[in-house]
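Treat the numbers as computed from the prediction; the structure is a model and nothing was measured.
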Number of protein chains: 2
Amino acid sequence: MVEIDKKRDAIIYGAIKRFIHFGINKTTMNEIAEDLSVSKPSLYYYFPDKSSLVFGVIDKIFSDYFELAEKELLNEVTLEARLSSFIEIKHRFFQKYYMLHLSGGSPDSSLNSADLKTHFMKMKGKDLKMHAAIFEEAMKTGHIAPTDTEKIAELYLESLAGITSLCIMHGNKELFPSKKELKTILDKQLSLSQIFIKGLK
Amino acid sequence: MVEIDKKRDAIIYGAIKRFIHFGINKTTMNEIAEDLSVSKPSLYYYFPDKSSLVFGVIDKIFSDYFELAEKELLNEVTLEARLSSFIEIKHRFFQKYYMLHLSGGSPDSSLNSADLKTHFMKMKGKDLKMHAAIFEEAMKTGHIAPTDTEKIAELYLESLAGITSLCIMHGNKELFPSKKELKTILDKQLSLSQIFIKGLK
DNA sequence: AAAATAGTCAAAAAGTAAAAAAGTAGAATG
DNA sequence: CATTCTACTTTTTTACTTTTTGACTATTTT
């Protein structure tokens, strides 16, 4: 890895630390620079504006997510185990990066740039494709009945995401969901997943 | 029906007309009074404050909903038909009363009073009980495998509601969801319902 | 080439005064 | 006596001004 990429990565890690704690909007470029003991212009040397840093951070998070997901999937063989594994990975990321509001739906002004939205769509599309592939294989091996796996994957992911967003909305309006709420979300998602799979057989 | 109740009802209907169009916050007590050709204090004679009028309106809407649901359920015998029927009724109400944001989750300041929330919980509880009863009967007649019907009903309703709230959130940010979006929501809910039922067998 | 100093400027936050809405007292009506 | 009104007070919003912050840059230094 070349020098400039190392620095970019260091900045991304520094930004992530702040973002995790205070969120994107409540973090200033000044603070990130101070944390890393560099000057503001140095920061702007590597990232032309805050959006591109945010983009870099989000891209990093998603690539970590997919990397982990792909690795974990190799350990699982059944449809059930694969989907559960996916739910748990997503849950860990949701928890860790909660303050970045990556699940969307928040009126967080920081995530509203056009190319960031496009990128989000791409990531969502990749997630969808991976899930569709899981269903596809289960279909080919006869574990589930023949269906349109893309459509099913979409409905599946949307139902799970819906549970999350509902729980957060109806939760006690703290800035962070409680351990109990998080547990509830995970349990509900796993239960729904179970029923959903059975419903496809 | 006694005279006072007739007047209360007339006021509630007047309020609903405004609420449906402009929402609760954008409707003033003055406007409701003017619509009905009465003075504001007259309104306050029947409803001590705006909250209690809103309460009355919401109570009316929910009682209409449950009345219709109970009636329609008598026409259906299978689990599938009953749940579909419920989804369609709820969808009609969602559409009609969209501007009141009854599905919750909106930061609409009008629905934040304590006893209104309690009332919402009660209504949700009744909905849950009705669904649980539907599952219970399907269980007793052997159409689905034995389960905790209350828990299943909760998961079922939450998944459906989750789909709605996700679609609305990710929708094109108009104040009103488009016909197409509404259709999508309904279709997804019906599909999920199908799979869910099959998953319980 | 990379980093720092010392700024600019737009946008957000905070504050404020006028307007509108909620809500009330007490008289009037029938 | 139940109901409705006129004429108010209190509370909340709105529209505006001032202040501050934070994104970003021109210029200089290492």
Side-chain angles (χ1 to χ4, degrees), chain A residues 1-19 21-58 99-101 106-116 175, chain B residues 1-12 14-15 17-19 21-58 99-100 106-116:
Chain A
M1 192 193 264
V2 280
E3 199 58 31
I4 193 165
D5 287 330
K6 274 187 192 168
K7 292 241 165 130
R8 276 181 59 97
D9 266 33
I11 292 169
I12 285 175
Y13 278 115
I16 285 179
K17 271 187 199 165
R18 283 263 165 193
F19 288 169
H21 206 94
F22 301 105
I24 295 170
N25 283 330
K26 292 281 182 193
T27 298
T28 71
M29 293 296 265
N30 251 319
E31 289 164 343
I32 295 169
E34 277 165 28
D35 284 356
L36 297 164
S37 306
V38 297
S39 73
K40 220 175 352 162
S42 296
L43 222 60
Y44 280 95
Y45 179 78
Y46 293 101
F47 294 94
D49 50 31
K50 194 183 182 181
S51 307
S52 66
L53 174 54
V54 169
F55 190 99
V57 162
I58 288 171
M99 286 303 281
L100 279 80
H101 298 121
S106 82
D108 200 327
S109 58
S110 48
L111 305 170
N112 286 3
S113 87
D115 56 343
L116 202 50
L175 0 56
Chain B
M1 193 192 266
V2 279
E3 199 59 33
I4 192 166
D5 288 330
K6 275 187 191 166
K7 292 245 164 124
R8 276 182 59 98
D9 265 32
I11 292 169
I12 285 175
K17 271 187 198 164
R18 284 261 167 196
F19 288 169
H21 205 94
F22 301 106
I24 295 170
N25 284 329
K26 291 282 182 192
T27 298
T28 70
M29 293 296 267
N30 256 317
E31 288 164 344
I32 296 169
E34 277 165 30
D35 285 356
L36 297 164
S37 307
V38 297
S39 72
K40 206 165 23 146
S42 297
L43 225 58
Y44 279 94
Y45 180 77
Y46 294 100
F47 294 94
D49 50 30
K50 194 182 182 181
S51 306
S52 66
L53 174 54
V54 169
F55 189 99
V57 163
I58 289 171
M99 285 303 280
L100 280 81
S106 81
D108 200 328
S109 57
S110 48
L111 304 169
N112 285 5
S113 85
D115 56 344
L116 201 50

Check your understanding: Between OH of A:Y44 and CG of A:D49, what distance do you get to the nearest 0.5 Å?
Key -> 7.5 Å
Check your understanding: Which whole-number value in Å describes the distance from A:E31 CD to D:dA23 C1'?
Key -> 13 Å
**Study point:** Spacing between B:F22 atom CZ and C:dA21 atom P, to the nearest angstrom
**Key:** 13 Å
**Study point:** Reported CD1-to-CD1 distance for the pair A:I58 and A:I24, which is rounded to 0.5 angstrom
**Key:** 5.0 Å
Exercise for review: Could you check how far CD1 of A:I32 sits from P of D:dG22, rounded to whole Å?
Suggested key: 12 Å
Review point. When you check the phosphate oxygens OP1 and OP2 of D:dT4, does a side-chain N or O of B:Y46 lie under 4.0 Å from one of them?
Key: yes
Exercise for review: Send over the distance from A:I24 CD1 to D:dA23 P, rounded to a whole Å.
Suggested key: 12 Å
Review point. Base, sugar-phosphate, or nothing for B:F47, non-hydrogen atoms under 4.0 angstrom?
Key: nothing
Check your understanding: Which nucleotide in the list D:dT3, C:dT5, D:dA23 gets nearest to the side chain of A:T28?
Key -> D:dA23
Practice item. Among the candidates D:dT3, C:dA4, D:dT14, find the nucleotide nearest to the side-chain atoms of B:K26. Key: D:dT14
Exercise for review: Over all heavy atoms of both residues, which pair between B:G14 and B:L36 is shortest? Give the atoms and the distance, please.
Suggested key: CA-CD2, 4.3 Å
Review point. Quick one: B:M29 CE to C:dT24 P, roughly how many Å, whole number?
Key: 11 Å
Exercise for review: May I ask you to evaluate whether B:S39 reaches the phosphate of D:dT6, defined as a side-chain N or O under 4.0 Å from OP1 or OP2?
Suggested key: no
Review point. Using a cut-off of 4.0 Å on non-hydrogen atoms, how would the nucleic acid contact of B:S37 be classed: base, sugar-phosphate, or nothing?
Key: nothing
Check your understanding: Say you draw a straight line from CD1 of B:I12 to CZ of B:F55; how long is it, rounded to the nearest 0.5 Å?
Key -> 10.5 Å
Point to revise | Phosphate contact (D:dC24 OP1 or OP2) by A:Y44 side-chain N/O below 4.0 Å | key: yes
Practice item. Confirm from the modelled atom types if A:K40 and C:dG7 form a donor-acceptor pair under 3.5 Å, side chain to base only. Key: yes
Study note, to complete from the structure: Rounding to 0.5 Å, atoms CD1 (B:I32) and CZ (B:R18) come to a distance of 8.0 Å
Review point. Heavy atoms under 4.0 Å, any strand shown: does A:K7 hit a base, just sugar-phosphate, or nothing?
Key: sugar-phosphate
Revision key, fill the gap. When rounded to whole Å, the NZ to C1' distance for the pair A:K50 and C:dA12 reads 12 Å
Review point. What is the distance from CD of A:E34 to C1' of C:dA3, rounded to the nearest Å?
Key: 15 Å
Exercise for review: Would you kindly give the CG-to-C1' distance between A:L53 and D:dA23, to the nearest whole Å?
Suggested key: 12 Å
